[in-house]
> 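Please see the structure below; I have some questions.
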Amino acid sequence: MAHYQAPRGMNDTLPEDAELWRHIRDTAERVARLFDYRQITTPIVEDAGVFLRSVGDESDLVQKEMYLFEDRGGDRLALRPEGTAAVCRAYLEHGMGSRPQPVRLFYIGPFFRYDRPQAGRYRQLWQFGAEAIGSDSPAVDAELIELQAMLYRELGLTDLVLRINSIGTAESRARYIEALREHFWPYLGSLSKDSQRRFETNVLRILDSKEEQDRAAVASAPSILDFLDETDTLHFTHVKRFLESAGIEYVVDPFIVRGLDYYTRTVWEFEPASAAGQSTVGAGGRYDGLMELLGGPATPGVGFATGIERIAINLREQGRGPSAEQAVDVVTVPLGDTGAAAALRVASMLRAAGVSVRAGVPGRSMKAAMRAADASGAAYALIIGDREAAEGVATLKPLRGDGEQRTVAFAELAAAIRG
RNA sequence: GUGGGUGUGGCCUAGCGGUUAGGGCGUCAGGUUGUGGCCCUGAAGAUCGGGGGUUCAAAUCCCCUCACCCACCCCA
C-alpha cells in the first residue's frame, strides 16, 4: 500500500536537526530579551480578514499563497502566512496602546504559504520576528535592524549584506509609481515578457528584474528616494545615521520593493553576499499605516521577520552551529532479573540528581549491552547485575579515555559520576 | 503558476533491456563462561517513488502521476 508522506513542502525536523534548531531559537530569544523584547504567541489560524485587509488583496501572498478555509461554523479562516498583521491584531485586541510605547514584541513559530516548494522555500516555514509598535522614531527602525544584525552575528552568520531603502508613504509611492509608468512606457515593447506583465500588475517589480533586456531601462529609471517628502527623507537620514553610530554596515538599495502593501518608509533585507536563489535570510520594514487597515487608531510600527530554515541552511553551508549532539551521561547495563530491577531504581535516583541516564534494554547479552553503551557516546557504563544488586552497589565503567572501572555504592553514584 | 533535472533496502550507492538487483554505512545477533571501541561471521531489510504501456523479457525504453531539487514567479 502507498505510504503516507508529509504534505508537500512541509518537513519533519528529526532529532539530528533539532540541536541546530534549538540553538537558533535560543539565540533569537536571548538576543530579543537583550533588547527588552517580550514574547507574544498568537494563534496559527486567524480570521482571514486580518491578512486580506492588511497584506493587500492584490499581493501574491493573499492572491495565491494563502491557505484559506471555512470552519464548521462558517467562519472564514486563514493559516497565518506572516506574523506582523497577527501581532498588530493582538496589539489592538488587548489595548496595548495604553502600555508604554513602543511595545516591543517578538514571536517564533510556523507560518504557511502555498508556494511551489524549493530548497529554502517551504509551505510550512518557521519565522522568528520582532516588532516595535507605537513609535515612529527612526531610532526604533535602527534598533530593530541592530537586533537582527546581532542575532546573525551571535549565530556566527557572517557573510550577510544589509540593504536598506525607504519607500516613503503611500502618497509618495503613488507618485513614484506614476513616474515609473511614464519612464517605462517608451520601453514597453522591448521589455521582457515578465516585465510587460509587471507594468500592469506591479511596476515596482520591474526594478528587480533579472532580465538582461530590462537592464538599460531599469538603470535609467528614477529613484524612489527622489520622490520622498521632506519628513520621510529626514526619517531615512536619521535611520542611516543611527545605523552608523551603532557600527552597522549597510548599503542603500533604492530598488528594494515590497510585496506587502502595508510597508512605509524604511525597508531592509539581509542577504548572503553570495546571493543566489531563495537567498533572503530576513527582511523587515516600517508599517505606519497597518493599524488603521486593521480598524485601529493610527499607530506606527516597525519590525522584521527571519526564516529559521534559511538561517539553518546558511549555518550548515558555513559549517557553523553546534558542533556535536550532546551525549547522555550514563547508560545502564542491566543483567539478570534482580539486576534489571535494581538498574531501574538506580536510574531514577541518578536522574533525580540531574544525571542523564539511558536505560539499557534488559535481556541482551552483556557484549551487546556494552556495544550499545559505547555507541551512545555516554561517558559511563553502569553495570548492575544480580551480584551488584545483592550488595547495593554498581560497577561504574568509564568509556572515554583511560580510567579503571570501580565498584560504587548506589548512594555514592551521583557524586562519583559528577567527578 | 511556467520551464527543466532527479527518484534503487533507514542513509550513500552499483547496475541502465535477460543479474537469485551487488556493495558500503547503519540496525540486530554471534565470535563459549558478566565488559565496549578494531576485526571476523551471520541475519533482517528493496516487488528498484507510484500507476499504466512497449517487449518473449523492464530497475533499465515510453506515457501519466507523486515527491524532492534547479531556474523563473514570489518571498523568509
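Here the structure is a predicted model, which is why all the values come from computation and not from measurement. Below, chains carry the letters A, B, ... as their sequence lines are ordered, and counting in each starts from 1.
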> For nucleotides U54(B) and A71(B), find the distance between their C1' atoms and express it as a whole number of Å.
34 Å
> Within this structure, what is the CD-to-P distance between Gln5(A) and G10(B), rounded to whole angstrom?
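In whole Å, G10(B) P lies 13 Å from Gln5(A) CD.
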> Check side-chain contact (heavy atoms from CB on, under 4.5 Å) between Leu92(A) and all other residues, then give those that pass, not counting sequence neighbours.
Met291(A), Leu294(A), Pro297(A)
> Would you say C73(B) has OP1 or OP2 under 4.0 Å from some side-chain N or O of Arg116(A)?
no
> Under the salt bridge (Lys or Arg N to Asp or Glu O under 4.0 Å) test, which residues partner Asp386(A), sequence neighbours left out?
none
> Going by the rule side-chain contact (heavy atoms from CB on, under 4.5 Å), which residues pair with Arg8(A) if we only count those two or more places apart in sequence or in a different chain?
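side-chain contact (heavy atoms from CB on, under 4.5 Å) list for Arg8(A), sorted by chain: Arg116(A), Pro117(A), Arg123(A).
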> So which atom in Ala416(A) and which in Tyr380(A) form the shortest heavy-atom distance, rounded to 0.1 Å?
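Distance-wise, the nearest heavy atoms are O-OH, 4.1 Å.
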> Specify the separation, in whole Å, of atom CG of Leu125(A) and atom P of C74(B).
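Value for this atom pair: 18 Å.
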> For U6(B), give the paired nucleotide (Watson-Crick: N1-N3 plus N6-O4 or O6-N4; G-U: N1-O2 and O6-N3; both under 3.5 Å), or none.
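Matched U6(B) with A67(B) under the 3.5 Å cut-off.
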> Between G50(B) and C74(B), how far apart are the C1' atoms? Round to whole Å, please.
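Straight-line distance between the two C1' atoms is 31 Å.
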> With sequence neighbours excluded, what pairs up with Arg358(A) under the salt bridge (Lys or Arg N to Asp or Glu O under 4.0 Å) test?
none
> Distance check, P atoms only: A14(B) and C61(B), in whole angstrom units.
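15 Å, rounded to whole Å.
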> Would you indicate what Ala373(A) reaches in the nucleic acid, counting non-hydrogen atoms under 4.0 angstrom: base, sugar-phosphate, or nothing?
nothing
> When the distance from CZ of Arg113(A) to P of G1(B) is rounded to whole Å, what number comes out?
18 Å
> Work out how far the P atom of C62(B) is from that of A44(B), and round it to whole angstrom.
35 Å
> Could you check Ile308(A) against Asn11(A) and say which one's nearest nucleotide on RNA chain B is further toward the 5' end?
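Of the two residues, Asn11(A) wins.
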> Given the structure, check if the side chain of Arg310(A) and the base of A76(B) hold any donor-acceptor pair shorter than 3.5 Å.
yes
> Restricting both atoms to N or O, compile the protein contacts to nucleotides 29-31 of chain B shorter than 3.5 Å, with distance only.
unit_1 : atom_1 : unit_2    : atom_2 : d
A29(B) : OP1    : Arg364(A) : NE     : 3.4
G30(B) : OP2    : Ser365(A) : OG     : 3.4
G30(B) : O6     : Arg371(A) : NH2    : 3.2
G31(B) : O6     : Arg371(A) : NH2    : 2.4

> For Arg265(A), which residues count as a salt bridge (Lys or Arg N to Asp or Glu O under 4.0 Å) partner, sequence neighbours excluded?
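Counting only residues at least two positions away or on another chain, Arg265(A) forms a salt bridge (Lys or Arg N to Asp or Glu O under 4.0 Å) with Asp232(A), Asp288(A).
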> Separation of Asp214(A) atom CG from C72(B) atom P, in whole Å?
14 Å
> Starting from P on C69(B), measure out to CZ on Arg121(A) and report it in whole angstrom.
11 Å
> Does Arg181(A) make a cation-pi contact with Phe199(A), if we ask for NZ or CZ under 6.0 Å from the ring centre and within 45° of the axis?
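Yes, cation above the ring, under 6.0 Å and within 45°.
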> What integer number of Å spans the C1' atoms of C63(B) and A58(B)?
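Per the computed distance, 15 Å lies between those C1' atoms.
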> For a quick check of understanding: with a heavy-atom distance under 4.0 Å over all strands, which category does Glu269(A) fall into, base, sugar-phosphate or nothing?
nothing
> State the pairing partner of G1(B); accept Watson-Crick or G-U wobble contacts with both distances under 3.5 Å, and report none otherwise.
C72(B)
> On RNA chain B, check which nucleotide each of Ala283(A) and Pro117(A) is closest to and give me the residue with the more 5' one.
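Of the two residues, Pro117(A) wins.
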> Scan Tyr122(A) against the nucleic acid and name what it touches under 4.0 Å (heavy atoms): base, sugar-phosphate only, or nothing.
base
> Taking 4.0 Å as the cut-off, does a side-chain nitrogen or oxygen of Gln405(A) come that near to OP1 or OP2 on U35(B)?
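Checking U35(B) against Gln405(A), no side-chain N or O comes under 4.0 Å of OP1 or OP2.
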> Paired with C28(B): which nucleotide, if any, by Watson-Crick or G-U wobble criteria at under 3.5 Å for both distances?
G42(B)
> Considering every strand and a 4.0 Å limit on heavy-atom distances, what is the contact class for Glu388(A): base, sugar-phosphate, or nothing?
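Since a base atom lies under 4.0 Å of Glu388(A), the category is base.
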> Are Phe128(A) and Tyr107(A) an aromatic pair, judged by ring center distance below 6.0 Å?
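Not close enough - the centres of the two rings lie 6.0 Å or further apart.
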> For Gly360(A), answer base if it contacts any base atom (sugar-phosphate contacts may also be present), sugar-phosphate if it contacts only those atoms, and nothing otherwise; contact means non-hydrogen atoms under 4.0 Å.
nothing
> Given the P atoms of A67(B) and A29(B), what is the spacing between them in whole Å?
38 Å
> Could you check, using the six-membered ring where one of them is a Trp, whether Phe227(A) and Tyr176(A) have ring centers closer than 6.0 angstrom?
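Yes, close enough.
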> From the set C74(B), A76(B), U35(B), return the single nucleotide nearest to any side-chain atom of Arg198(A).
C74(B)
> Measure the distance from CH2 on Trp21(A) to C1' on A76(B) and round it to the nearest whole Å.
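So the two atoms are 12 Å apart, to the nearest Å.
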